[in-house]
Chemist: 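Attaching a single structure in C-alpha cells format; questions to follow.
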Amino acid sequence: MRIEEDLKLGFKDVLIRPKRSTLKSRSEVELERTFTFKHSGHSWSGTPVIAANMDTVGTFSMAEALASFGLLTAVHKHYSVEQWQAFITLSSESVLRHVMVSTGTSEADFTKTLKILSLSPLLKFICLDVANGYSEHFVEFLQRVREACPDKVICAGNVVTGEMVEELILSGADIVKVGIGPGSVCTTRVKTGVGYPQLSAVIECADAAHGLGGQIVSDGGCAVPGDVAKAFGGGADFVMLGGMLAAHDECEGTVVEENGEKLMLFYGMSSESAMKRHVGGVAQYRAAEGKTVTLPLRGPVENTVRDILGGLRSACTYVGAERLKELTKRTTFIRVAEQENRLFGQ
C-alpha cells in the first residue's frame, strides 16, 4: 500500500483564469476540429462533443439531432442488427459520419459489431466500452478488434491513468475514453472506493495520449457547460455527455407521471434498472454501480446543445482562443473554494 500525496482535482475545484483577448464576438470562435487518427488513418471534422452510449441517451434519434450540429453520438449497444439496418436505410450520409457503434467485449458483441459495420462503409467509429479498462481481457479484445477493423476509428476505455492510456493506444486504440466514477448516475466510487477526480485524470491522460499521437475523450463529470470548457481546457480532444443530454425528446427513457408531472427515468448502465432491462437483473457475484433518477422532460435537445456550444464559445473568448484547438494552450486553472453565488439556490 502507498499514498500519493499530490492533490487531484475535479471540475468543481477550479475556474479558468481570463486573459486578454482580441476577439470581438463569440461568433468568431471556431469550434470545429479536424483529426487524423493514429491507427485507422481516417480523418474526421466536426465539433468534438459526443452523446454517451447509454440506452436512454445514445439513440438513433439523438444521432440525427446532434449530427446537424456536427456532434457525434455513441449509439448504445442494445439495438439489433435489424434496427441498425432500418436506421441506415433512412439516414443520410451526414448522420452516419457522426455515429459511433458501441460494443462490449463478449464473443456475441464481436460478431454483432462486425455485422453492423458491414451494413455501411460510412460507419467509421467503434466505441469499445467497459467500466474497467484495466483488465488484460479488455486489452486482448481491443487488439482483436483492431486486427479485424484496420480502417476503423476505435475509441476504447474507460481508464484514468497515463500508463494505461499508453497501453491502449499501443494496442490499437485511436481514442481512449477517460473517466471512472464521475458520472451523474454512477455509484462506482461509493460502491468500490475506486475512482480519480476527472480534471486531473484528463490532464494526465491527455499528456500520455498526445505523446503517442492518440486522443482522449473525457467521459463523465460535466454538470454545466462550464465543465465542458474545463475538460477541453485540461487537454481533452473530445467530451462525452450523458446526464446533460438526458430527458430530451430524442431520448428513449421510460416516461412516468408523478403528481401530474411527466418525468423520464435516467439511470447508469451498471445500475439495477439497466441490468434488469437488458440481462434480467443483477448477477449474484456483483453489485449495481449506478442509480436511477427521474428528470423533468426537457423538450428538443437542440436547445440544450446551443446552450452548451454557446458556453464553450464564450469560454474561448474569455481566454482569447479563436479556435477550440487553442483553448488548452490558453487555459490557466485557478483553484477555488466556490463556483457560484447560490443565494437563490438555482
Side-chain angles (χ1 to χ4, degrees), residues 37 39-40 42 50-60 62-63 72-88 96 99-159 164 167-169 171-180 183 186 188 217 219 240 242 252 267-283 285-286 288-290:
F37 298 102
H39 294 287
S40 65
H42 177 65
I50 309 172
N53 51 306
M54 308 171 81
D55 62 8
T56 56
V57 175
T59 67
F60 289 143
M62 185 68 74
L72 288 158
T73 298
V75 174
H76 68 75
K77 69 178 183 178
H78 299 291
Y79 284 122
S80 67
V81 175
E82 291 73 25
Q83 288 173 307
W84 270 99
Q85 179 65 77
F87 169 67
I88 290 168
L96 297 182
V99 164
M100 306 177 96
V101 179
S102 300
T103 180
T105 58
S106 71
E107 190 63 33
D109 287 328
F110 181 79
T111 302
K112 179 182 174 182
T113 299
L114 293 185
K115 287 181 180 178
I116 293 169
L117 293 171
S118 70
L119 297 175
S120 172
L122 296 174
L123 295 174
K124 288 293 187 180
F125 289 88
I126 301 170
C127 182
L128 181 52
D129 179 65
V130 296
N132 177 9
Y134 285 80
S135 71
E136 289 185 15
H137 168 69
F138 180 67
V139 175
E140 291 166 358
F141 191 85
L142 166 61
Q143 292 168 340
R144 184 182 177 193
V145 174
R146 170 52 68 201
E147 184 177 349
C149 307
D151 63 334
K152 303 299 183 184
V153 180
I154 300 177
C155 174
N158 284 30
V159 299
M164 203 64 205
E167 181 164 354
L168 293 181
I169 291 175
S171 297
D174 296 291
I175 310 166
V176 175
K177 198 142 73 77
V178 173
I180 291 181
C186 179
T188 293
V217 51
D219 176 21
M240 181 171 275
E252 294 180 357
Y267 47 79
M269 293 310 291
S270 290
S271 67
E272 183 177 0
S273 296
M275 287 186 275
K276 279 184 177 179
R277 181 173 182 179
H278 300 295
V279 294
V282 182
Y285 60 83
R286 64 172 298 173
E289 293 178 26

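Just the heavy atoms: all of them, side chains too, but no hydrogens, waters or symmetry mates, feed the values below.
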Chemist: Can you tell which of V101, I50, L72 makes a side chain to side chain contact (heavy atoms under 4.5 Å, CB included) with F125?
Modeler: L72
Chemist: Sequence neighbours left out, what passes side-chain hydrogen bond (donor to acceptor under 3.5 Å, both in side chains) with S106? Give chain and number order.
Modeler: D109
Chemist: What distance do S80 atom OG and K112 atom NZ have between them, rounded to the nearest 0.5 Å?
Modeler: 6.5 Å
Chemist: Can you measure from SG (C127) to CE (M240) and round to the nearest 0.5 angstrom?
Modeler: 4.5 Å
Chemist: May I have the step-by-step check of side chain to side chain contact (heavy atoms under 4.5 Å, CB included) for I180 and V159, ending in yes or no?
Modeler: CA-CA 7 Å; I180 291 181; V159 299; 5.6 Å; no
Chemist: Determine which pairs satisfy salt bridge (charged side-chain N to carboxylate O under 4.0 Å, His left out) with at least one residue from residues 126-143, sequence neighbours left out, and list them in order.
Modeler: D129-K177
Chemist: Check side-chain contact (heavy atoms from CB on, under 4.5 Å) between V130 and all other residues, then give those that pass, not counting sequence neighbours.
Modeler: T105, F138
Chemist: Contact between T73 and F60 at the side-chain level, heavy atoms closer than 4.5 Å - yes or no?
Modeler: no
Chemist: Partners of Y134 by ring-ring contact (aromatic ring centres under 6.0 Å, His included), sequence neighbours excluded?
Modeler: none
Chemist: Is the side chain of H39 donor-acceptor paired with the backbone N or O of S171 at a distance under 3.5 Å, no angle test?
Modeler: no
Chemist: Pairs in or reaching into residues 147-156: which pass side chain to side chain donor-acceptor pair (under 3.5 Å), with residues at least two apart or in two chains?
Modeler: none
Chemist: Is the closest side-chain heavy-atom distance between L168 and V139 below 4.5 Å?
Modeler: yes
Chemist: Could you state the interatomic distance from NE2 (H78) to CE (M54), rounded to the nearest 0.5 Å?
Modeler: 10.5 Å
Chemist: Which atom names give the shortest non-hydrogen contact between S120 and L96, and what distance separates them?
Modeler: OG-CD1, 3.9 Å
Chemist: Can you sort out the partners of E107 under side-chain hydrogen bond (donor to acceptor under 3.5 Å, both in side chains), two or more places apart, ordered by chain and number?
Modeler: R144
Chemist: Return the set of residues passing side-chain contact (heavy atoms from CB on, under 4.5 Å) with L114 (not counting sequence neighbours), or none when no residue passes.
Modeler: F110, A148, C149
Chemist: Taking side chain as C-beta onward, heavy atoms only, is K124 less than 4.5 Å from S40?
Modeler: no
Chemist: Are V99 and L122 packed together at the side-chain level, in the sense that at least one heavy-atom pair is separated by less than 4.5 angstrom?
Modeler: no
Chemist: Just to verify, what does T59 make a side-chain hydrogen bond (donor to acceptor under 3.5 Å, both in side chains) with, not counting sequence neighbours?
Modeler: none
Chemist: Got a donor-acceptor contact below 3.5 angstrom from the D174 side chain to the I154 backbone?
Modeler: yes
Chemist: Compare every heavy atom of G104 with every heavy atom of F141, then report the nearest pair and how far apart it is.
Modeler: CE2-O, 3.3 Å
Chemist: With side chains defined as the heavy atoms from C-beta onward, is the minimum distance between W84 and L123 less than 4.5 Å?
Modeler: yes
Chemist: In chain order, what residues pass the side-chain hydrogen bond (donor to acceptor under 3.5 Å, both in side chains) check against T113, with sequence neighbours excluded?
Modeler: T103
Chemist: With distance as the sole test, does T111 use its side chain to make a donor-acceptor pair with the main-chain N or O of A108 at under 3.5 Å?
Modeler: no
Chemist: Taking the side chain as C-beta and beyond, is there a heavy-atom pair between K77 and N53 under 4.5 Å?
Modeler: no
Chemist: Report the relative orientation of the aromatic rings in H42 and F37; use parallel for angles under 30°, tilted for 30 to 60°, perpendicular for over 60°.
Modeler: parallel
Chemist: Given side chains that start at C-beta, do those of I116 and Y79 come closer than 4.5 Å, heavy atoms only?
Modeler: no
Chemist: Between the main-chain N or O of G179 and the side-chain N or O of N158, is there a donor-acceptor pair closer than 3.5 Å?
Modeler: yes
